[in-house]
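Report on the following structure.
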Number of protein chains: 2
Amino acid sequence: MSPDNKGTTTRERLLKVAETLFAQKGYDAVSVREITNAAHCNLAAVNYHFGNKKTLYLHMFRERWMSRAQRIRACFGENLAHCADTSPASVIKSLAEALIKGPLTDEERLRHFQLIIREMTKPTEAFEIVVEETMKPSFEGLEQLFRPCLHEGIDEERTLLNVLSIFSMVLYFNFARLPVSKIIGHAYDEPFKDRLVQHIVQFSLSGMPLKENTL
Amino acid sequence: MSPDNKGTTTRERLLKVAETLFAQKGYDAVSVREITNAAHCNLAAVNYHFGNKKTLYLHMFRERWMSRAQRIRACFGENLAHCADTSPASVIKSLAEALIKGPLTDEERLRHFQLIIREMTKPTEAFEIVVEETMKPSFEGLEQLFRPCLHEGIDEERTLLNVLSIFSMVLYFNFARLPVSKIIGHAYDEPFKDRLVQHIVQFSLSGMPLKENTL
DNA sequence: GTCTGTATCAAACGAACGTTTGAATGTCAA
DNA sequence: TTGACATTCAAACGTTCGTTTGATACAGAC
């Protein structure tokens, strides 16, 4: 047994290994044999604990991905609570920091966004759950936070477009590390993440049609 | 033979069908049999014309994807030429229109961005080519167009981050149609695309640290 | 001890995969 | 008409896939 497998059940190891492999390679490119080998268990374990490969994937998404999304949302809430106000500047900064520097390790964050990108590109049953339980509530929450600070003429759709645009940047800078690194010419280190947060906050903030007295 | 296959060679049909299927399902999820059935030719045709499945994919990317990227770049150039100046407003508008309303049909555009997202998520040999021959030149060209209009203190990295942010929005709103449609509550019709272009231009423009006299 | 249920295992299942083969076509110059 | 070449075809190749099976090990209850 490798050291990171001590004290864990076969079920937990399967979920953990499956998440890493599915994120790296995609559902179809990962075989059950590859998963069970990496989890140091028998081939039949997937069928015993989860019924089949597809159900393993869905359980992984529900039990691991969703809880991580929850941790990010909680971190956003804490960040915002530490701010003096709920101005758009505070909201965007709290959001960008939660997503880019937040509670996840670099590896976790990479996996997290790889998985959701794969779901967006080729949706499974997991996608519906994510949209309804994570994305919609998040976006509507943000929309309500921003609304009082936007000009009265701005309708809901335009507000949502603003939120989606912020989200698109966060998503892109997280999952497209490879091309971004190649284009900017250096790695994704901590100082760069700081610059990234700063950039997203500044870029998004000035991109929004704010009233003048709301920073 | 279906009507859209008249007057085409087996090779061309294979490339076309392969592109659609690879974009929809991803490389691993598409079998050679599925491709050759859809192309109305024999199973062995892939091996005869391209050697193997992987080489078919690479040829498809080189011959079809790259040429489409070229068409988009050409459209951007034409859009910009029709403008009175090369101000950031003109550049961003020309870019957003080329990418969102440009020379591609809706289907082509969907496939185009699905394919590049797949390459970003799980790079193959095709990815290196795209970065070097399409993305880098495009981004550096945009960076040079923007540079004279930005404050002197802005270094190259921040300029690139601005360009990448614009790109991230375009990319997101093209490939993530499904979640976007669900969140905004209606389809991706022509009026919405107009609103999208308008939004991206306005959002990006005010997000950039421009000198005051450059619109 | 015996029984019961949980968990793991090696081995095999049929199906689908990418690829290869060799014969059967059609085409066109000699 | 013949020969050379390009293309298509049905059939089979060996491999890997997801899944199933039946035996085995081991716990705690009675």
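Note on naming: letters A, B, ... go to the chains in the order of the sequence lines (proteins, then strands), and numbering restarts at 1 for each one. All values derive from a computational prediction rather than experimental measurement.
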Starting at the 5' end of DNA chain C, which residue's closest nucleotide do you reach first, A:Asn42 or B:Lys53? A:Asn42
Which whole-number value in Å describes the distance from B:Asp28 CG to D:dT16 C1'? 13 Å
Quick one: is the NZ or CZ of A:Lys53 closer than 6.0 Å to the six-membered ring centre of A:Tyr27, and within 45° of its axis? yes
Whole-Å distance separating the CG atom of B:Asn47 from the C1' atom of C:dT19: 5 Å
Could you walk me through whether A:Met66 and A:Val130 pass side-chain contact (heavy atoms from CB on, under 4.5 Å), step by step? CA-CA 8 Å; A:Met66 295 294 283; A:Val130 172; 4.1 Å; yes
Counting just side-chain N and O atoms, does A:Thr10 come under 4.0 Å of either OP1 or OP2 of C:dT8? yes
OP1 or OP2 of D:dT16 less than 4.0 angstrom from a side-chain nitrogen or oxygen of A:Ser31, does that happen here? no
From OH of B:Tyr57 over to P of C:dG18, roughly how many Å is that when rounded to an integer? 15 Å
Can you tell me which nucleotide in C:dG18, C:dT8, D:dT19 comes closest to the side chain of A:Asn52? D:dT19
When the distance from CG of B:Leu14 to P of C:dT19 is rounded to whole Å, what number comes out? 14 Å
Can you check the A:Lys54 NZ to D:dT19 C1' distance for me, whole Å? 15 Å
Give a yes or no on this: more than 12 heavy atoms of other residues, nucleotides or ligands lie within 6.0 Å of atom CD of B:Glu63. yes
Check B:Arg195 with A:Asp155, please: is the shortest side-chain N to carboxylate O separation under 4.0 Å? yes
Separation of D:dG18 atom P from A:Arg33 atom CZ, nearest Å, is 7 Å
Please state how far atom CG in A:Leu43 lies from atom P in C:dC13, giving the value in whole angstrom units. 15 Å
Looking at B:His49, I'd like to know whether one of its side-chain N or O atoms comes within less than 4.0 Å of OP1 or OP2 on D:dT8. yes
Residues B:Lys101, B:Glu190: salt bridge by 4.0 Å N-O rule: no
Expressed in angstrom and rounded to an integer, what is the separation of B:Tyr48 atom OH from C:dT25 atom P? 17 Å
Nearest of C:dT19, D:dG18, C:dC9 to any side-chain atom of A:Val32? D:dG18
For a quick check of understanding: with a heavy-atom distance under 4.0 Å over all strands, which category does A:Ala45 fall into, base, sugar-phosphate or nothing? nothing
